[in-house]
Amino acid sequence: MTAAAEQRTTTATPMTQEQTLDSLGRYEYGWADSDFAGASAKRGLSEAVVRDISAKKSEPAWMLESRLKALRLFDKKPMPTWGSDLSGIDFDNIKYFVRSTEKQAASWEDLPQDIKNTYDKLGIPEAEKARLVSGVAAQYESEVVYHKINEELEKQGVIFLDTDTALREHPELFEEYYGSVIPHGDNKFSALNGATWSGGSFIYVPKGVHVEIPLQAYFRINTENMGQFERTLIIVDEGAYVHYVEGCTAPIYSSDSLHSAVVEIIVKKGGRCRYTTIQNWSNNVYNLVTKRAKAEEGATMEWIDGNIGSKVTMKYPAVFLMGEHAKGEVLSIAFAGEGQHQDAGAKMVHMAPHTSSTIISKSVARGGGRTSYRGLVQVNKRAHHSKSTVKCDALLVDQISRSDTYPYVDIREDDVAMGHEATVSKVSDDQLFYLMSRGLTEDEAMAMIVRGFVEPIARELPMEYALELNRLIELQMEGAVG
Amino acid sequence: MATLEIKDLHVSVATEDGPKEILKGVDLTVKAGETHAIMGPNGSGKSTLSYAVAGHPKYEVTSGTITLDGEDVLAMSVDERARAGLFLAMQYPVEVPGVSMSNFLRTAATAVRGEAPKLRTWVKEVKQQMGELEIDPAFSERSVNEGFSGGEKKRHEILQLALLQPKIAILDETDSGLDVDALRVVSDGVNRYKASGETGVLLITHYTRILRHITPDFVHVFAGGRIVESGGAELADVLENEGYVKYAAIQEATTAS
């Protein structure tokens with residue numbers, strides 16, 4: 001039993017000091033709620049399971065067909081043989097759909113108590129009350145349980161719904177764009193998502209509308225061996241702007257869960273989309289996510305991707321630069337502690353002239369953890385005058401951790417400017433000595449060095465996420481130095 | 001009144017050929033209100049003494065004692081020494097990218113004082129000290145020592161001295177690489193720190209010119225890993241005229257061994 005679960009069940013006997021300290025451990029979202037919905041859910045994947053998911057949602061026939069096609073592709077596709085070790089995933093033991101509540105709540109008070117407690121602990125109602133967000137969605141298990149959008153935005157025609165509702169309420173828009181950026185057959189996990197998807201966010205921003213305050217979503221897995229397969233689809237129309245932020249957590253269980261999302265984004269002419277993720281899954285979640293955007297003429301797509309939790313992450317946000325002067329940017333930050341492998345990076349595909357891309361990746365490995373930067377920059381024929389800059393820096397906190405860099409470059413046009421820079425550094429004895437000679441403990445000194453290292457990315461985060469990141473770094477660095 | 005006492009200190013560093021002894025029996029006592037200058041040729045072990053007192057892991061104390069007000073300094077970690085009231089202004093201050101000077105200073109002050117300084121008085125305090133040291137306020141938002149010139153780094157070391165107010169300060173070649181104006185500004189900073197009479201200064205230098213700004217009560221000549229001669233301020237004048245030639249034999253005998 002985990003420390004956090006133990007804390008819940010042994011409230012009658014006070015904990016010893018060791019237990020208390022243990023329960024305060026590194027991962028603070030590790031509690032689990034009681035799990036009636038999850039306990040009764042079926043394990044394993046079959047055509048019957050997929051049909052059942054579709055039927056429960058009363059989906060149109062085309063979606064059921066699409067799911068079944070994806071299932072066939074999933075069966076045919078091989079497991080990736082590169083990247084992280086995925087041999088621990090047991091597809092037969094995963095619960096593919098868990099419905100935790102019968103209907104979506106329109107206010108916090110309407111949420112079932114246990115779910116409300118969860119999001120209270122995550123601090124979400126505060127963010128909403130403080131108007132830090134212009135819309136919030138909360139996904140618990142397979143489905144979105146709470147949803148709200150600012151009325152003003154609604155009047156301007158902005159759509160911010162959970163993906164299931166969007167399929168019902170905006171079928172044409174949905175069918176036009178669904179799967180248009182990432183086909184089911186892209187990889188084994190996009191096929192899996194295509195067959196089993198549930199929940200996620202659907203956003204449409206009409207021409208010229210600027211959504212100034214971020215739209216946010218929070219994803220929470222509660223059931224053990226749960227698979228969360230949210231599907232997010234964002235369409236930013238011409239000249240429009242949106243910033244979407246998502247956070248992810250899960251309890252600590254002794255066996256593994258799977259999170260395999262697909263995120264598709266279309267940014268039309270002159271539009272701009274910024275997508276920020278801080279995933280802090282517990283260290284028993286396989287996080288295998290396919291994220292891709294298409295940027296049309298003069299459009300800008302920015303991925304800000306933070307990977308702190310999970311057991312294994314494989315995630316390479318991509319931008320296909322389809323129109324002239326389109327811009328793509330990925331800022332990626334990864335932490336790997338004991339037993340973690342963060343295989344993260346980016347993919348930039350230049351399809352048109354005068355397109356530009358920037359990839360900045362920072363990773364920190366400690367306690368025997370492993371970080372990999374894996375990136376592809378591809379410049380196709382006719383994408384002349386394209387520019388690309390790649391900079392990846394890795395920081396190793398100790399002698400037992402590992403960092404690798406796999407930069408792939410594929411240039412098929414002559415007139416192109418490419419820059420690539422990669423560094424691996426260690427926290428130097430002299431830096432530690434300098435800070436400690438000013439009174440900082442070794443842990444404090446280490447955390448300060450690490451915070452400084454990731455600062456160029458942290459400053460791009462919304463304030464509350466930047467603060468959260470700082471706190472997570474401090475937790476990660478506690479006792480990091482032996 | 002604070003007292004730093006160093007007795008028969010032997011210090012080695014690891015080299016490819018095994019440990020090499022650099023300090024060979026140093027005896028020195030620095031009391032509050034006193035300024036000691038340690039002078040000597042390059043390679044005599046002056047900087048090793050400063051690092052050993054501050055606790056740099058590269059320097060291993062093989063025998064001898066260091067105490068601050070009777071407390072065993074050698075039993076303390078680097079940060080405990082700082083919180084006990086020791087300070088080392090470094091010859092080569094280290095860069096910490098991404099950490100702003102203001103954040104660094106406040107974190108250090110919080111650690112050494114044991115509580116976070118009140119924001120309003122703190123901002124005023126830092127501003128005033130930066131003004132005295134003629135540091136452009138824009139530096140507070142720059143990363144610690146990153147891209148600073150030699151002179152800027154040294155001014156910031158003295159800024160830390162002013163804010164942390166240690167009991168005993170060791171200044172390791174603070175004068176090296178400073179032009180005339182910077183030397184004056186930095187020296188004035190040290191003199192303000194000394195003015196209370198409750199703090200002690202151990203000033204390590206190769207040249208006598210800083211001693212024209214900061215008057216030592218004692219001058220020690222360092223050669224071959226220990227103090228070979230001690231005197232008053234007048235000893236500095238002798239060194240100014242005669243150089244270290246006189247001590248060269250000791251120095252060579254020890255480096256050869």
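Proteins get letters first, then strands, A, B, ... in listed order; numbering begins at 1 in each.
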Heavy-atom pairs under 4.5 Å with chain B are the metric here; pick the option from A:Leu440, A:Asp430, A:Ile449 that has the most.
A:Leu440
Using a cut-off of 6.0 Å, state whether more than 12 heavy atoms not belonging to B:Phe139 lie near its atom CZ.
yes
More than 12 heavy atoms of other residues, nucleotides or ligands under 6.0 Å from NZ of B:Lys153: yes or no?
yes
Do any N or O atoms from the side chain of A:Arg438 and from the backbone of B:Ala108 form a donor-acceptor pair under 3.5 angstrom?
no
Report yes if the side chains of A:Tyr434 and B:Val144 come closer than 4.5 Å at any heavy-atom pair, otherwise no.
yes
For B:Glu80, which atoms come within 4.5 Å of any heavy atom of chain A: side chain, backbone, both, or neither?
neither
Quick check: do B:Val78 and A:Ser437 have side-chain heavy atoms less than 4.5 Å from each other?
yes
For a quick test of reading the model, state the closest non-hydrogen atom pair linking A:Met448 to B:Phe104 and the distance between them.
CE-CA, 4.1 Å
With a 4.5 angstrom heavy-atom cut-off, which part of B:Glu157 approaches chain A: side chain, backbone, both or neither?
side chain
Checked B:Gln160, B:Lys58, B:Glu95 vs chain A; the most non-hydrogen pairs under 4.5 Å come from B:Gln160
Let me confirm one number: the CD-OG distance from A:Glu455 to B:Ser143, rounded to the nearest 0.5 Å.
7.0 Å
So which of A:Glu444, A:Met436, A:Arg459 has the largest heavy-atom pair count under 4.5 angstrom toward chain B?
A:Met436
So for B:Pro93, is it side chain, backbone, both, or neither that comes closer than 4.5 Å to the heavy atoms of chain A?
both
Looking at B:Val112, B:Val96, B:Thr107, which has the largest count of heavy-atom pairs under 4.5 Å with chain A?
B:Thr107
Compute whether any side-chain donor of one residue and acceptor of the other, for B:His56 and A:Asp429, lie under 3.5 angstrom apart.
no
So which part of B:Leu88 gets closer than 4.5 Å to some heavy atom of chain A, the side chain, the backbone, both or neither?
both
When every non-hydrogen atom of B:Ala82 is compared with those of A:Gly439, the smallest separation belongs to CB-N, 3.4 Å
B:Asn145 portion near chain A, given a 4.5 angstrom heavy-atom threshold
side chain
Looking only at non-hydrogen atoms, find the nearest pair between A:Phe433 and B:Gly55 and report the distance.
CE1-C, 3.8 Å
I'd like to know whether CD of A:Glu338 has more than 12 heavy-atom contacts from other residues, nucleotides or ligands below 6.0 angstrom.
no
